[in-house]
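Please read all numbers here as calculations on a predicted model, not as lab measurements. Every chain is numbered from 1 and lettered A, B, ... according to where its sequence line falls, protein lines coming before strand lines. Because only heavy atoms are used, hydrogens play no part in the values below, and waters and symmetry mates are left out as well, while side chains stay in.
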Amino acid sequence: MSRFLECRKISKVFGGIKALNNVSLSVAPHSIVGVIGPNGAGKTTLFNIISGSLLPSTGEVIFKGKRISGMGPARVCRLGIARTYQLVRPFNSLSAMENVMIGLAFGRAEPVARRARVAEAFKILQMVGLEGKTNHAAEGLTLVEKKHLEIARALATAPQILLLDEVVSGLNPTEITRTVDTIKQIQKRGITIIMVEHILKVVMALCERVVVLNYGVQIAEGTPEQVVLDEAVIEAYIGSFEDAEEKPHA
Amino acid sequence: MEKRFLAFCLTVALVIGFPFSAMAGPDAIHIGATVSQTGHFSSEVGPFKRLMTSWADLVNDQGGIMVEEYGKKLPVKFTIYDDKSDQATAKKYYERLATVDKVDMMLGPYSSPLTLAASTAGENHHIPFIAVCANSPKIYSRGFKWLVGVIDLGPRYTYRYWEMIKTEGKAKSVAFVVEDTIHPLGVFKGSQKLAEDAELKVLSSDIVPANTRDFTPIITKLKKESPDIVYVSSNIPFAINFMKQAKEMKLNPNEYHCIHHSGIFKDALGSAAEYVIGQSYWVEGMKLGDTQLINDVLKKADISEPRYPWSPAYVAAFQILQKAIENAGTLDKGKVVQSLKNLKMETVLGEARFAETGYGSINTYPSQIQGGVYKVIYPPDVATGKHTYPRPPWE
Amino acid sequence: MVFYSVFVLLWIILAALPWLGFSYGVVWIFLLAVSFTLALSYDIVGGYMGYMNLGHSTFFGLGAYTTAILLNQGFNLFTSLLAAFLLAAFFAALISYPLFRLRGAYFALATFGLISLIEVLTVNLRDLTGGSGGISTPPGNHMLPAYYMVLGVAAATMVLSHSVARSKFGLGLFSIREDEEVAQSFGVPTSLYKGLALVISSVPASLVGGIYVWNMTYVSPESVFGLEIALSPIIMAMLGGTGVMIGPLVGAVFITLVQEFLWTKVPYFHLAMYGTVLVLLGLFMPGGIVRTRWVKPFIQRLGLGEAVEYFKNVDAERMS
Amino acid sequence: MSADFIQLLVGGILLGGIYGLAAFGLSITFGVLNVLNLAHGDFLMLGSLLSYGLFVWLGINPFVAAILVIPAFMVLGVGFYLLLLKPIADKPPHQLLVASILVTLGASLFIEDITAYFWERPVTGISYTLPPMEVAGVVISSTRLLVLLFIFALACAMQLYLKKTFVGKSIRAIVQGREGAKVVGIPISRVSALAFSIGMALAASAGAFYVTLFTVTPVMGIPLTIKYLCVVVLGGLGSIVGSVFGGLILGVAETLTAYYCGAEWAPTIAFVLLILILIVRPEGLFGAKK
């Protein structure tokens, strides 16, 4: 039986290096799934493949019974999978309102009618707490605001699945708390969330299930509590920590 | 806000409108012209504003031009704009000369393209328009009634040279190298026929883009054909590059003809310019009647003839302009243009008259560089030297 | 709406100009309107979409030549203009495929090369185009009708540009300018929009090219494919401010005013002054005049600012 | 192969050398600063005029002059960089593109206008020619051959400089990727200034050679710049081998086209090659894939 979103045996090779090796992942509707792992584990590559920006070398992505790998990012977006970027990429000289409106106008399978767009965009900006910044150009916003703007832009496409790529990295504790609340809000509206995250605390607080990647290999899967006790995971994290100690300039 | 914007618009309209209220007084003969002070023609006519004002000064020193209707001499006044060597700008300023400055007559801009654009102003506003250095047949094929041109049509530009070749009967073949711009192309089209009339065999005609600087392929071809005459119909930079490379590649025909071979050509080529034939309106010492006026105007304007060999044509244009007004005896534009059309006079460059369609009769003479000096070599009654043919080959 | 009332007013003044005795003003405004239309139509690709199309004058030249050739064949003006803009639009659609494989400086360079290529073709296809000597069209005094036609095209271009900026299509163009990859993954049909933008921008340019040559009664390769006609509309758009509809207008008026009133006083160094202005613009005012501190508030209050500001008004209406 | 063909090939190669040298200067500045320097051709023109002055007024051989102009233009290049390009160097890509085209185009117009006014000659050419050589029926212009040899010597020196010295390596690193170079601690601004001055000096030096072969006009800059940009794209950014080969290819292609298809088609070949290479291999013949 095919699940809501399923990645089947995905591998990705970049010039001889295996960024992903036989990764499988299945996601139930309305859940929050975390993908964790040290730097270079292949988390962002996995996101790029799910969102359609990259083609997997082998394997496939199935969404609601449909094969979506190979469709290209625009169609995947319209089918209901939206994303944010690890290094934020809002449309810099456009206003927050316009950023969201681009999602509304282009990212939906059934675009919002012209007249309703402004009100709808405003509602979404309210949800991420940016209702006071509607007419500010994105380049003038703070990092946390930019991250929220990206979430809003993704939400504007009326996604069923939201891919959050390190959405709290670089934020201070207060901002993290706020962001975590926002994510919970979003989940309550029935949107499935897959998040790549570095900060384990956030993953522990939010995720129901966690997948751990290391050098492109899936080394563990389970509830957050199970995963942090997994030996391979500890090995991977500490190992990478030691590596970092030994070769500080690698 | 709207009121402020309206006020702004009105201010702009006023500012634009203001200069148009000036009127030419009836106490002067008002002549309008543009000069390419900037842009790519500036190297050819850049300082010619001085040429016009110097002539006006010379005439005004003697009281001006006699106009019978007013029973007195009226001074000449020029209004001159910079057309930036650009058609649209030229047309704009001639419209301005017609509607704002309300000139009595217009002198044309430099070159055929600018004249084609500018002369419509004279035609539309019924103002006599004297084209000076513009000889494309296109200008005179439009049935304009208010337009005359000083010089002969482009295709006839070198007819005296071909007459000489025919008379001498020594050369048997010719190859044309043509720069693809309006004037050299026109000269070539005429020359091709004239060469055939002179019973020369045309071995090849290469039409080469204007900015070409490397002539290796053409010279390679010409060496194979070995014509008697290599005829380069081009502007000066083109001819300099061609001659230089011809020498480097030892292309040795019996004669080189470069239609323009002014002072710049000679300086840049040095010994490679020796024995090259080209066209001159006038050279020092030519037996053409009274050419003192050329010397006077050029000296006052501080312009040297070898550097600007077309400057005498302007002096001839001034003479034509003066004579036409004197003959008409009035500044009435219709009568002036009639008097222009009927004009037949001796200018510093020989006889001037106008064809039915408006083009003139003044033309160039073949001249050869001999020992660094320009010698007019044909026809014999005005010549200052003898034709050297064949030229001594390069080692 | 403030926008429309201001421009209707301005256009009424301009349309009345010939009847108020400003016959030179007509010539002047004619050339200004030609430059302005070129600048504004350039801005759809250059400003809204952020692709610096240095070859925009190719469309102007194509329009001019098509019109001239057809007029000489005895077709009337309107048929000729129709053919001119259809041909230019077709050409734009054709070249959009190879050109838009490029971005940034490469795109700018390739479009600049395109003008030279078309110019050489025009010079070499002598039988069709009259070669370097150019073509004269049937003579006649067309100043007044040409003036009204150009005013009409300019007005239509403004309406076009204005509605593009406020449309979904415009939003898509903006997103391409900001980050083409992200735009694509949010479903903006980038290839289609880029081609469409080029085609749309080619139409006004080719139309004014046709009217221009009809009035000029003569066209040569250099007059429509030269450096001056290629660069000055772009410079006008940039001086005024790209990506804002009012920008090209401000730039065009500013430059033509300077040319008319300053340059007639100083005979030399026009290009040097022009160059200095460009350098200062690049160094200190990349947003153009309309984005400077002194001008921006005024423009905004008139409701002529950027699309960014447009939504502010909409919000205020809805939320209050 | 016929003698004609060899003659044309030789002619094309002799012509292409100068394209290569001028293009390489442009390639360095484009690669390091990511700036399309539209004033490049004007520096070539200024170099030509300086060399003309040295030859006509001081009697210095043009080949010596080609070396003498280098230091003068390096100073000029640093000045140009500090005054006009450094202030815009750190803008985001789209703004940098717009600003750099405005600044360099403005500089180009400024230089051309001022030069045209003060340098009263509309056409400048020196009457310097060496007697031609004839090898097996092929006439070789000695002037051009000497120019080509000088250019090869200069290109080799440049290649050594880029491969062996720290600054040279830094320049190559910046061409590869500005961000990366910044991370490893290369002083971007200083290296950029130096790279720009080298680019200028090469342009001026190419100008000194140019004036021994062709005429020079104050307003020739922009068409030349466009042609050299074609060579740069053809050869690949920042690659000296690429620029030289790109130049030679263009020189030979132009010569052959002019002979076999007619001289009027020669100017199209640069753009045809440009569009072809952009579609087939946008990084150029010798450029690294990014």
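- Listed by first then second residue, pairs satisfying salt bridge (Lys or Arg N to Asp or Glu O under 4.0 Å) with a partner in residues 192-201 of chain C read Glu180(C)-Lys194(C), not counting sequence neighbours.
- No other option in Ala138(A), Gly52(A), Cys77(A) has as many heavy-atom pairs under 4.5 Å with chain C as Cys77(A).
- Residues passing the side-chain hydrogen bond (donor to acceptor under 3.5 Å, both in side chains) test with Gln184(C): none are found, sequence neighbours excluded.
- Proximity to chain C (any heavy atom under 4.5 Å) is restricted, for Arg78(A), to the side chain, taken from C-beta onward.
- Considering only heavy atoms from C-beta on, Arg117(A) comes within 4.5 Å of Lys168(C) through its side chain.
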Self-check item: Step-by-step side-chain contact (heavy atoms from CB on, under 4.5 Å) determination, Glu98(A) to Ser175(C)
Solution: CA-CA 9 Å; Glu98(A) 284 173 308; Ser175(C) 73; over 6 Å; no
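- Closest non-hydrogen pair, Phe91(A) versus Val182(C), comes out as CZ-CG1, 3.9 Å.
- Rounded to the nearest 0.5 Å, atoms CZ (Phe174(C)) and CE (Met101(A)) are 11.5 Å apart.
- In this structure, Phe14(A) places its CZ atom where more than 12 heavy-atom neighbours from other residues, nucleotides or ligands lie under 6.0 Å away.
- Contact count against chain A (heavy-atom pairs under 4.5 Å) is highest for Gly187(C) among Gly187(C), Ser167(C), Pro189(C).
- Identified by a heavy-atom distance below 4.5 Å to chain C, the contributing residues of residues 146-164 of chain A are Arg153(A), Ala154(A), Thr157(A), in residue-number order.
- Within 6.0 Å of atom CZ in Phe100(C), more than 12 heavy atoms from other residues, nucleotides or ligands are found, so the atom counts as buried in its surroundings.
- Within 6.0 Å of atom CD in Glu139(A), more than 12 heavy atoms from other residues, nucleotides or ligands are found, so the atom counts as buried in its surroundings.
- Between Tyr193(C) and Phe106(A), the gap from one ring centroid to the other is short of 6.0 Å.
- When the side-chain hydrogen bond (donor to acceptor under 3.5 Å, both in side chains) test is applied to Tyr85(A), the partners found at least two apart in sequence or on another chain are Ser185(C).
- The residues Arg89(A) and Glu178(C) are annotated as not salt-bridged, no charged nitrogen and carboxylate oxygen being separated by less than 4.0 angstrom.
- Top candidate by heavy-atom pairs under 4.5 Å with chain C, chosen from Asn99(A), Ile102(A), Leu104(A), Asn92(A), is Ile102(A).
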